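As structure tokens, the structure follows; a few thoughts come after it.
Just so we're on the same page: letters track the sequence lines, and every chain starts at 1. Values in this document were obtained by computation on a predicted structure and should not be read as measured data.
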Amino acid sequence: MEKIFTIKSNSTFTRMYRSKSSPQGTVVVYVRRNPNLKKAHIGITASKKQGGAVERNRVRRIIREAYRTLVLEGTGINDMPYYFVFVARTKCFSKNIRMQNVYNDMKRALVELGILGNTK
RNA sequence: UGACCGAGUCGGACGGUUGCGCAGUGACGCCGAAAGGCUAUCUGUGAGGAAAGUCCGGGCUCCGUAUGGCAAGGAUAGCAGAUAACGUCUGCCGAAGGCGACUUCAGGGACAGUGCAACAGAAAUAAACCGCCGACCUUUGUCGGUAAGGAUGGAAAGGCGAGGUAAGAGCUCACCGGCGUGACGGAGACGCCACGGCCAUGUAAACCCUAUCCGGAGCAACACCGCAAGAGGCGGAGCGAAAGCUCCAUAUCCGCCUGAUAAGACCUCGAAGGUGGCAUGAAGCGUCGGGCGAUCGGCGCUCAAGAUAGAUAAUCGUACAAAGGGUUCGCCCUUGGACAAAACCCGGCUUAUAGAUUCGGUCAUAAC
RNA sequence: GGAGACAUACCCAAGUUGGCCGAAGGGGCUCCCCUGCUAAGGGAGUAGAUCGGGAGUAACCGGUGCGAGAGUUCAAAUCUCUCUGUCUCCG
């Protein structure tokens with residue numbers, strides 16, 4: 001299994017919020033290219049205003065699972081020299097949200113941003 | 001059977017597949033000359049009763065020796081006990097509520113002092129507006145006595161009745177309430193009895209008084225690596241031939257005092273990042289004994305998360321709750337699992353919480 | 001994770017030794033003047049939230065309201081406790 005790297009510095013996050021973005025129903029995806037990277041680095045944001053710790057943890061896990069599914073499909077996304085930040089929107093905190101919903105939104109956003117080719 | 005009261009337990013279950021954190025194992029794989037390192041694999045383990053709010057208490061760490069002194073500030077408030085400690089808990093006392101099981105109470109002091117009591121009312125801690133009574137007077141009235149009555153107010157000078165009086169008044173008396181003194185019971189809060197005099201509103205979650213307790217900051221504490229560079233400091237006065245001594249200032253260092261330390265291959269500060277702190281503890285479970293109980297003691301067994309942008313998810317199946325709808329009352333369909341997730345660790349408190357379940361008790365009704 | 005501060009009308013806010021307080025003041029709003037018409041400026045004025053009564057609408061009357069709920073007190077925006085929300089600081 002490929003290791004998923006995470007963004008750790010707050011300054012990276014704030015720089016990302018000024019980058020190219022693609023808002024979808026459940027998540028907003030921010031992208032920035034960094035040639036020094038060997039693998040993709042991702043960051044997940046779930047605001048405290050949207051819910052308590054239980055809800056925020058669940059949203060974070062679902063987003064990570066969606067990204068993992070994307071990697072396992074062989075898109076090669078994890079080997080690209082990019083930073084990705086996924087921001088959970090209010091819709092994402094609703095109780096009946098499924099991983100598939102987030103996965104579809106994420107894929108559509110990445111296609112819009114030109115990271116993934118429109119395979120289908 | 002119905003309506004309640006008290007104490008406790010659980011708080012989604014079982015299984016399959018794909019994955020995550022930590023610990024161990026660790027290749028015949030990869031890196032390396034080697035020592036060794038990394039990884040696959042496999043094994044174990046992985047959120048709560050409140051993990052929450054951060055409201056108290058303690059451990060631990062540093063600050064200055066931490067029960068040095070003073071000042072300031074804060075906390076608590078029936079009595080006795082439990083405890084490492086507490087503002088917590090237990091038992092008892094008192095008050096209030098309930099037919100009852102039982103529940104609730106920041107429950108010291110207002111004869112140490114100060115403040116406040118708006119409006120209304122004549123008057124708010126001090127009293128004469130009306131009224132009542134007496135005297136004077138030609139009438140409106142003036143002077144005096146009086147707190148029983150009126151009116152105001154949350155509160156009007158203990159309550160109520162009788163005697164008494166010009167009218168009245170604890171002025172006197174009975175009962176009740178409060179206060180003081182004494183005897184008895186109790187470990188004590190207090191209870192009970194007798195006597196005394198007749199008093200002196202409320203507010204201390206106003207200042208305050210009394211008693212007891214509290215040094216400050218917090219794991220983003222703190223220690224080490226990074227560490228070498230870098231920044232800052234090494235002052236002034238007096239005595240002395242010099243070494244050195246004394247005083248002041250400065251810094252460590254925080255309200256003050258007292259006290260300690262400080263400078264040459266010296267002292268202080270010191271970023272990102274990393275390691276430790278960090279999981280054996282006032283620990284849990286079982287059992288025996290002491291105690292009404294909180295809880296304490298003995299013995300045996302167990303080791304049960306440790307992340308750091310932060311580990312428990314996704315999906316499928318089986319039953320089981322819950323909600324909505326349909327129904328031929330057999331059941332079927334749909335939705336979908338209360339409150340909420342560790343971040344140094346413990347003891348409490350408070351707040352949120354669908355539902356399931358155990359034990360003990362009270363009242364009412366019916367039957368025997 | 002830890003430490004603190006704040007909350008008053010649509011907005012900014014004054015008021016906290018408890019009392020004539022449901023609210024000073026400003027913005028805003030309405031009307032008038034000015035202007036060819038606006039803006040700016042000048043002048044005047046109103047209600048202030050919500051529930052009930054009353055009602056065509058309003059005036060009017062009553063209750064509750066200073067983030068929410070309890071408590072102390074005769075009386076709470078003010079004092080005490082518990083919750084809710086917003087903001088700040090510490091690496």
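- Every residue meeting the side chain to side chain donor-acceptor pair (under 3.5 Å) condition with Asn57(A), not counting sequence neighbours, appears here in chain and number order: Arg60(A).
- Base orientation for rA47(B): syn, the chi torsion being within 90° of 0.
- In this entry rC129(B) has rG150(B) as its Watson-Crick or G-U wobble partner, both defining distances falling under 3.5 Å.
- Here, rU210(B) and rG113(B) have their P atoms 14 Å apart, quoted to the whole Å.
- Remark: rC20(B) base-pairs with rG46(B). Criterion, Watson-Crick or G-U wobble with two distances under 3.5 Å.
- A distance of about 26 Å separates the C1' atoms of rA151(B) and rG161(B), rounded to the whole Å.
- When both distances must be under 3.5 Å, the Watson-Crick or G-U wobble mate of rA343(B) does not exist.
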Contacts under 3.5 angstrom, residues 25-32 of chain A side chains, donor-acceptor by atom type, not counting sequence neighbours:
residue: Thr26(A); atom: OG1; partner: Asp105(A); partner atom: OD2; Å: 2.7
residue: Arg32(A); atom: NE; partner: Ser19(A); partner atom: OG; Å: 3.0
residue: Arg32(A); atom: NH2; partner: Ser19(A); partner atom: OG; Å: 3.4

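- The P atoms of rA340(B) and rA352(B) are separated by 11 Å, rounded to the nearest whole Å.
- Using P as the reference atom, rG170(B) and rG73(B) are 49 Å apart when rounded to the nearest Å.
- In a base pair of the Watson-Crick type (N1 to N3 plus N6-O4 or O6-N4) or a G-U wobble (N1-O2 and O6-N3), with each distance short of 3.5 Å, rA251(B) is matched with rU261(B).
- Its glycosidic angle being more than 90° from 0, rA47(C) falls on the anti side.
- Rounded to an integer number of Å, the gap from CG of Asn57(A) to P of rG48(B) is 15 Å.
- Within 90° of 0 lies the glycosidic angle of rG49(B), which makes this nucleotide syn.
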Could you list, one pair per line, each protein nitrogen or oxygen that sits under 3.5 Å from a nitrogen or oxygen of nucleotides 313-315 of chain B, together with the distance?
residue: rA314(B); atom: OP1; partner: Arg58(A); partner atom: NH1; Å: 2.5
residue: rU315(B); atom: OP1; partner: Arg98(A); partner atom: NH1; Å: 3.4

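- With a cut-off of 3.5 Å on both Watson-Crick or G-U wobble distances, the partner of rC193(B) is given as rG182(B).
- Nucleotides rA147(B) and rU139(B) place their C1' atoms 31 Å apart, quoted to the nearest Å.
- Distance OH (Tyr30(A)) to P (rA309(B)): 22 Å, rounded to an integer number of Å.
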Worked verdict on Ile42(A) versus Val85(A) for side chain to side chain contact (heavy atoms under 4.5 Å, CB included):
CA-CA 6 Å; Ile42(A) 69 162; Val85(A) 166; over 6 Å; no
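- Here the P atom of nucleotide rA309(B) and the NE2 atom of His41(A) are 12 Å apart, to the nearest Å.
- Because its glycosidic torsion is more than 90° from 0, rG32(B) is reported here as anti.
- For rG170(B), there is no paired nucleotide, since no Watson-Crick or G-U wobble pair has both relevant distances below 3.5 Å.
- With sequence neighbours left out, Tyr67(A) forms a side chain to side chain donor-acceptor pair (under 3.5 Å) with Asn78(A).
- From Arg108(A), atom CZ reaches atom CG of Leu113(A) across 12.5 Å, with rounding to the nearest 0.5 Å.
- Interatomic distance, Phe84(A) CZ to Met106(A) CE, rounded to the nearest 0.5 Å: 10.0 Å.
- Using C1' as the reference atom, rA294(B) and rA80(B) are 13 Å apart when rounded to the nearest Å.
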Dot-bracket summary - RNA chain C, pairs being Watson-Crick or G-U whose distances fall under 3.5 Å, with | when paired to another strand:
((((((((.[[[..)...(.....]]].(((((.......)))))...(((((......)))))..[[[[[..)....]]]]]))))))).
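- Residue Arg89(A) comes nearest to Pro23(A) through the heavy atom pair NH1-CB, 4.2 Å, listed as atom of the first residue, atom of the second, then distance.
- Summarising the base pairing, rC320(B) is matched to rG337(B) through a Watson-Crick or G-U wobble pair whose two defining distances lie under 3.5 Å.
- Taking the P atom of each, rA211(B) and rA342(B) are spaced 47 Å apart, rounded to whole Å.
- Spacing between rG293(B) and rC89(B) at atom C1', rounded to whole Å, works out to 10 Å.
- Expressed to the nearest 0.5 Å, how far OH of Tyr103(A) lies from CG of Leu70(A) amounts to 5.5 Å.
- rA223(B) and rU275(B) make up a base pair, with Watson-Crick or G-U wobble contacts both under 3.5 Å.
- Residues meeting the salt bridge (charged side-chain N to carboxylate O under 4.0 Å, His left out) test with Glu112(A), sequence neighbours left out: none.
- Here rG170(B) is in the syn range [glycosidic angle within 90° of 0].
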